[in-house]
Protein chains: 2
Amino acid sequence: MEREFQFNAMPKTKQFDETEVLVKAREVFSVKGYNGTSMDDLVNATGLSRSSIYDTFGDKHGLFLKSLSHYCTSQGDELQNLCAKTDSPKKKIRAIFDYTLKSILTDKERKGCLMVNVSMELNAVDRDVAAISLANMEDMEQTFSALVKEGQAKGEISKKFSPKALGRLLYSNLMGLRVSGMNRPEPDALKEIVKLALSILDE
Amino acid sequence: MEREFQFNAMPKTKQFDETEVLVKAREVFSVKGYNGTSMDDLVNATGLSRSSIYDTFGDKHGLFLKSLSHYCTSQGDELQNLCAKTDSPKKKIRAIFDYTLKSILTDKERKGCLMVNVSMELNAVDRDVAAISLANMEDMEQTFSALVKEGQAKGEISKKFSPKALGRLLYSNLMGLRVSGMNRPEPDALKEIVKLALSILDE
DNA sequence: ATTTATTTGGAACATTCATTCCGATATACA
DNA sequence: TGTATATCGGAATGAATGTTCCAAATAAAT
């Protein structure tokens with residue numbers, strides 16, 4: 001009897017969702033920092049075995065970078081969604097600050113923001129992180145400055161300063177909020193910081 | 001012959017200046033982070049032997065905390081000196097921002113500020129660091145708010161917002177400046193951030 | 001059920017880590 | 001000068017680290 005050549009015997013498929021793993025990993029990295037997180041921590045947090053992690057992400061640094069990038073884009077998407085909810089550029093800016101505020105105040109483990117945390121931890125020694133962090137900064141500044149430009153055109157936002165300069169200030173303020181919130185996540189104080197920070201947009 | 005009991009045979013004295021060691025250690029911790037810094041790094045940077053470090057500072061964490069505290073107080077003194085150079089509260093505030101700006105722009109290794117760096121790296125897992133960082137924040141806020149109050153009394157600073165609220169915003173802005181500066185230490189952009197951040201003090 | 005390719009768990013590995021220890025050295029006073 | 005005592009250098013230690021490896025388990029197609 002003639003036996004056919006066998007194609008395509010299919011293997012076991014991955015038993016986990018890569019995105020979920022990236023989220024779990026991000027949470028650990030946020031709490032313990034990059035160098036404070038061990039592979040053991042990651043195995044425990046993700047529920048994967050060492051082999052699966054290495055097979056899928058290469059090594060610790062690879063998993064970390066994927067985790068950071070995923071956080072970056074998913075946060076970007078989140079901001080897009082927020083902005084879609086109103087037509088007013090000024091309200092969009094406020095929504096971004098309120099969202100950050102809320103994420104600080106609901107963060108019971110004091111994880112903070114992975115982007116800020118690891119940028120402060122690693123910028124001087126990790127070019128990959130420095131590049132991602134810089135790109136994120138410029139993206140945020142650009143987003144803010146476009147919103148300011150639009151808001152100024154609509155007359156919602158004071159024309160006293162240029163969109164570019166205000167974009168930079170708003171990013172800087174958002175980072176200041178994260179640092180303040182990490183040190184003392186007190187609602188009233190943080191809300192007041194946002195209020196004053198955004199007052200520069202008014203006449 | 002009667003032999004007297006012998007007191008006080010004096011030992012070898014320390015061959016190094018403790019403060020200098022704390023400064024060298026701080027530089028390493030700033031660049032590599034707490035968990036990224038090994039005892040080997042510290043031995044190399046300080047020039048001391050392991051024994052001397054352990055004899056003098058207890059352990060790595062002890063050296064780190066002393067280093068952080070020393071940075072904190074020496075930076076506090078520095079700000080006092082700056083403020084002593086003028087009678088104008090508003091100029092004192094500006095001097096603090098300009099000093100920070102200068103320290104960012106002359107920081108060729110991108111060390112950043114140890115206080116901010118380790119606060120972001122360790123706040124969630126190290127109560128000592130969290131306490132020091134919080135104390136530093138409240139101290140700075142208090143300094144700023146006192147200056148604002150004085151400036152408002154002198155008519156130099158707008159009375160639109162309370163000293164307390166402005167104190168918090170100014171601290172937050174200073175932290176934002178450090179984060180922005182870590183990501184992109186570009187003089188013009190940072191100077192503009194300071195300019196806009198301080199514009200809230202004007203009428 | 002068999003085959004195939006991959007995942008998976010856990011042991012094993014070499015390295016690096018913080019810390020300890022000891023002999024030698026060096027200082028200040030008698 | 002001699003002695004007491006702390007510092008110092010470097011080897012030694014044991015735990016923890018990131019990574020590799022292999023046998024067993026497993027899913028998909030035959």
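As a basis for the values below, the full set of heavy atoms in this structure was taken, side chains included, without hydrogen atoms, waters or symmetry mates. Sequence lines set the chain letters: A, B, ... in the order given, protein chains first and strands last, and positions in each chain run from 1.
Which of C:dT20, C:dG9, C:dC21 sits closest to the side chain of B:Tyr54 comes down to C:dT20. Each of D:dC8, D:dG18, C:dT19 was ranked by its minimum atom distance to the side chain of B:Asp59; first place goes to C:dT19. You'll find that the side chain of A:Ser51 is closest to D:dC21, out of D:dC21, D:dT19, D:dT17. The side chain of A:Asp55 has C:dT8 as its nearest neighbour among D:dT7, C:dA18, C:dT8. With D:dG18, C:dT8, C:dT20 as the choices, the nucleotide that has an atom nearest any side-chain atom of A:Lys60 turns out to be D:dG18. Checked against D:dT20, C:dT20, C:dG9, the side chain of A:Ser49 finds its nearest nucleotide in C:dG9.
A donor N or O paired with an acceptor N or O is not found under 3.5 Å between the base of C:dT8 and the side-chain atoms of A:Arg50.
Side chain to side chain, A:Ser119 and A:Asn123 meet the donor-acceptor criterion of an N or O pair below 3.5 Å.
Between A:Phe64 atom CZ and D:dT17 atom P there is a gap of 17 Å when expressed in whole angstrom units. In this structure, A:His61 atom NE2 and D:dG18 atom C1' are separated by 13 Å, rounded to whole Å. Atom pair A:Lys32:NZ and D:dG18:P shows a separation of 11 Å (rounding to whole Å applied). One atom, CG of A:Asp40, and another, C1' of D:dT19, lie 13 Å apart when rounded to the nearest Å. Residue A:Asp41 contributes atom CG, which lies 8 Å from atom P of D:dG18 at whole-angstrom precision. Atom-to-atom, CD1 of A:Ile53 to P of C:dT6 comes out at 20 Å; the value is rounded to the nearest Å. C:dA18 atom C1' lies 16 Å from atom CZ of B:Phe57, rounded to whole Å. Counting to the nearest Å, the P atom of D:dT7 and the CG atom of B:Asp17 are 15 Å from each other.
Counting non-hydrogen atoms of other residues, nucleotides and ligands closer than 6.0 Å to NZ of A:Lys154 gives a total above 12.
Ion pairing between B:Glu141 and A:Arg184 holds under the 4.0 Å rule for side-chain N and carboxylate O.
Residue contacts shown for B:Thr56 are absent, as no nucleic acid heavy atom lies under 4.0 Å away.
By the 6.0 Å and 45° rule, A:Lys60 stacks over the aromatic ring of A:Tyr34.
The closest side-chain heavy-atom distance from A:Leu201 to A:Ser158 is not below 4.5 Å.
Taking 4.0 angstrom as the limit, B:Ser52 places a side-chain polar atom (N or O) nearer than this to OP1 or OP2 of D:dC8.
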